[in-house]
Amino acid sequence: MIDKRVASAAEAVSDIFDGATIMIGGFGEAGSPVELIHALIDQGATNLTTISNNTGSGQVGLAALLKAGRVSKVVCSFPRTANSTVFPELYRSGRTKLELVPQGTLAERIRAGGAGVPAFYTPSAVGTPLAEGKECREFGGRKYLLEHGIRADFSLIKGRVADTHGNILYNKTARNFGPLMAMAAKVTIVQVAEVVEPGQLDPESIVTPGIFVDRVVAIANPAHESELVEAGASYP
Amino acid sequence: MIDKRVASAAEAVSDIFDGATIMIGGFGEAGSPVELIHALIDQGATNLTTISNNTGSGQVGLAALLKAGRVSKVVCSFPRTANSTVFPELYRSGRTKLELVPQGTLAERIRAGGAGVPAFYTPSAVGTPLAEGKECREFGGRKYLLEHGIRADFSLIKGRVADTHGNILYNKTARNFGPLMAMAAKVTIVQVAEVVEPGQLDPESIVTPGIFVDRVVAIANPAHESELVEAGASYP
Amino acid sequence: MTKPPVIGRTREEMAQRLALDIPDGSYVNLGIGIPELVAKFVPAGRSLIYHTENGMLGMGPAPSPGEGDPELINAGKQRVTALPGTAYFHHADSFAMIRGGHLDLCVLGALQVAQNGDLANWSTGEPDAIPAVGGAMDLVAGVKSIFVITQHCTREGEAKLVQKCTFPLTGCAVVNRIYTDLAVIEVTPNGFRLVELSPGIDFNFVQERTAAPLLRTPERIEAG
Amino acid sequence: MTKPPVIGRTREEMAQRLALDIPDGSYVNLGIGIPELVAKFVPAGRSLIYHTENGMLGMGPAPSPGEGDPELINAGKQRVTALPGTAYFHHADSFAMIRGGHLDLCVLGALQVAQNGDLANWSTGEPDAIPAVGGAMDLVAGVKSIFVITQHCTREGEAKLVQKCTFPLTGCAVVNRIYTDLAVIEVTPNGFRLVELSPGIDFNFVQERTAAPLLRTPERIEAG
């Protein structure tokens, strides 16, 4: 019997090790796996590399993980947020390194990593500072950059509902990087509001097939980052 | 008001020109757009290059298009079918050229074409006869082949239901190459059993967003290739 | 004679002018800021479908304050609504649309536009600024037409339309048209070409505020 | 003493033997032919999830004759059923699973297997044969473990386990284990290693029918 449920966020992240590379889903607050990130803060792993679109806001979720000093490098497309001072301070003081990647290149690199494609060419960023040091090659008279697939040790993702096989549905624009990161990690951990039995999800509508998912954690009423920030919350 | 419906299969394929490159959906009979192919046979365009997984069976659909002498080149992963003698004869007599592509590479090349990726590396076919003439490059100590994205002038695809914006749902394993080919053609033509108004499809479940679709044709009761073959049908 | 207090188009008027040039049925991505205003001014009878790079086609206007879903947001991370016909998808599919040339138009702001269509809009290059690029480099590389909407000059009065960008580039030779408070300008193989002056603005006034030559050759000659 | 009419395992027994070695919860792709039989023999208490490269996880057995959906088929284009928990997806996603190393096991037939794990199973290389490769090259390049299930020799009595393949390759150094009517054989850095003889078969009998050296070093020594 395949059953990918684990009892708690704490159990789900228990084997994340110092120095691990972790993909963290979300675009802004949509799809940010706040409870998994908080469990990771409690767990204590450090010297992490995170791969994510943003760097969080306020003093909760991803911003709190950064603030706790656990992240030595951030791979990110837009590490600037209206309500955050955490990453800017870490970056300016040199405590956290940044690899800046255009958003579409970041998405495609994660997909490539998950799809067994070691490298691909893209027109994005040709002729810009982000092309520096990258191989440039012409196809059909146009210039493209070589970009490499990326993989991670763990992915932390937020879905809406899962079945016990790990098939995942998402909520609206919270889908964003989730299905890609699920493909690209050795261990993919998904928090969902609801877990159902196999057969209860429409097989035509499944977004992330269970083969990409290792652990499912039910978090019935996940927090929204913006609401926590508005309430002045900080973690821990 | 966006409304991508056209009145008939004949109208949908009316501008396909001699020498065009056409992607044709389907894996075996599942997803084969039989009525669109028959309309193309009636329409008369010739010297076509087709891109498809198989070459059809019996004397209907894709096999009938080949038999009518309209196809000068086939890009294909598995051009051999239990019930077809059409392609083998054309191939042996040299009347139709073949570019043989591993199935996963074919799928990824079509996706790449649609996604603006001119080329990518894949481990598939390294060291085999299908690697001949292809650039081979190491990443992380493993060998990969450079493969190029492909695009087409037209894609002919079969879905289950569409809305008038061209959002498409498929039926089971008839999905196969449809969503990829929809992305990779200048003009994507989809036959569906049913067309509904925008808002009637669940936005979470749409497989091919309408941006990839140009024309939708309602074919209420599409033929199944195997049933036609069993009945000894031939087209025209 | 005293100078009038307002010269040229307001932000809303710029957006309204740009909206006139978007054909019915276009798939459009609107950047953050002035570009977002364009959606308000689409002429009656035209339907556009809005794409937001965080995974949605069919985006509608913002919900009433306090309404909406924190997981239904646009690229500026503001809450939006979904119109009938909406589809959600993941980031790789979203940027496949962008990179693959499936979007008809992207409207963006600019720090600088060069006469060859180079765009700088993501970084002022200041050493202590936190670099952040988002999807801009993908959008300019992939979308069929790139329209820039911007004030003609900076608040300090410096030209934003230049011979060569001094800020870090977002993309090379990518901009097709520029809609400013003073004019509508096209980027041609020969440089900037004036398409239209804003009401009450004359050519010299625009040329003086443009740090590159401004052609007034009619389009029919350009086409030859 | 007369030779017994059947020597070694039947096709079903080969499939049954292979099935013993598949861990519970594995994601498995079964090739066309003998590999398909494996699904019948999975030991009680183990659940496998079957992938078919034409876009499905959770594939179930064939429906009753005349039943089923012509658009619910497997890679051999035969009608199948869907078990609870099934997901459908397109070909690029399906081969992302394959190429990306997400499948645990693929079971394939073979024309030849070389002692370094090279596999030939798609073409006899005859000049008038219609070349057709399907997904085999992707499967062997991407799936974590590749098990071959095959008769030890051809009908003409020629060895299929060879020093070097003479037929066109499907992949280089990709096969992990071989299940034949005569034996279970592992591909190691040092060549073929006998894991197990079929009942009633002795080592020399297998070695005589194998066109490459067959090691009998115990695994614990190999591992060192």
Side-chain angles (χ1 to χ4, degrees), chain A residues 1-5 23 107-120 149-152 155 159 161-170 178-188 190 195-216, chain D residues 22-29 42-60 69 71-73 80-106 135 137-144 146 171 174:
Chain A
M1 254 264 303
I2 292 165
D3 188 346
K4 298 187 178 178
R5 283 175 294 184
M23 292 178 175
E108 191 68 10
R109 287 181 64 191
I110 297 168
R111 180 195 175 270
V117 169
F120 61 91
I150 31 178
R151 293 183 60 85
S155 278
V161 54
D163 67 20
T164 54
H165 285 189
N167 291 305
I168 309 288
L169 304 183
Y170 298 84
L180 311 172
M181 292 178 171
M183 297 167 67
K186 283 179 206 145
V187 178
T188 291
V190 188
V195 184
V196 301
E197 292 300 313
Q200 291 191 255
L201 303 179
D202 176 5
E204 300 280 9
S205 303
I206 287 166
V207 177
T208 293
I211 192 171
F212 296 129
V213 173
D214 298 283
R215 299 172 196 165
V216 171
Chain D
I22 310 179
D24 186 30
S26 295
Y27 288 91
V28 178
N29 183 298
V42 174
R46 293 190 207 169
S47 304
L48 309 187
I49 294 188
Y50 296 105
H51 173 265
T52 181
E53 58 262 40
N54 52 316
M56 179 184 191
L57 272 167
M59 182 172 65
D69 183 335
E71 298 198 318
L72 177 50
I73 60 176
V80 293
T81 52
L83 299 177
T86 284
Y88 299 111
F89 34 83
H90 62 53
H91 253 77
D93 281 348
S94 184
F95 281 84
M97 291 173 194
I98 292 170
R99 205 188 304 102
H102 302 282
L103 286 164
D104 297 300
L105 176 66
C106 178
M137 290 185 181
D138 308 284
L139 285 161
V140 300
V143 176
K144 284 178 201 153
I146 304 294
V174 294

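Lettering follows sequence order; numbering is per chain, from 1. Since the structure is predicted, the reported quantities are computational estimates derived from the model, not experimental observations.
- In this structure, the portions of A:I211 lying under 4.5 Å from any heavy atom of chain D include both its backbone and its side chain.
- With sequence neighbours excluded, the residues that form a salt bridge (charged side-chain N to carboxylate O under 4.0 Å, His left out) with D:D104 are D:K144.
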Verdict with supporting geometry, D:S47 and D:D24, side chain to side chain contact (heavy atoms under 4.5 Å, CB included)
CA-CA 5 Å; D:S47 304; D:D24 186 30; 3.9 Å; yes

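- The main-chain N or O of D:A92 is found under 3.5 Å from a side-chain atom of D:H90 such that the two form a donor-acceptor pair.
- Using a distance-only test at 3.5 Å, with no hydrogens or angles considered, a donor-acceptor pair links the side chain of A:R151 to the main chain of A:G113.
- Counting heavy-atom pairs under 4.5 Å between each of D:G58, D:G101, D:G100 and chain A puts D:G100 at the top.
- Here the straight-line distance linking atom CG of D:L139 with atom CE of D:M97 works out to 12.5 Å at 0.5 Å rounding.
- Counting heavy-atom pairs closer than 4.5 Å to chain A, the top-ranked of the candidates D:G25, D:G142, D:A87 is D:A87.
- For A:K4, the part lying near chain D is the side chain, with the backbone staying farther off; criterion is any non-hydrogen pair under 4.5 Å.
- Within the 3.5 Å criterion, the main-chain N or O of D:I22 finds a donor-acceptor partner in the side chain of D:R46.
- Residues of residues 50-57 of chain D placed with any heavy atom under 4.5 Å of a heavy atom in chain A are listed by number as D:L57.
- Counting all heavy atoms, side chain and backbone alike, A:I168 lies closest to A:V190 at CD1-CG1, 3.7 Å.
- Between A:V213 and A:V216 the shortest heavy-atom distance is CG1-CG2, 3.9 Å.
- D:I98 does not touch chain A: none of its heavy atoms, backbone or side chain, sits under 4.5 Å away.
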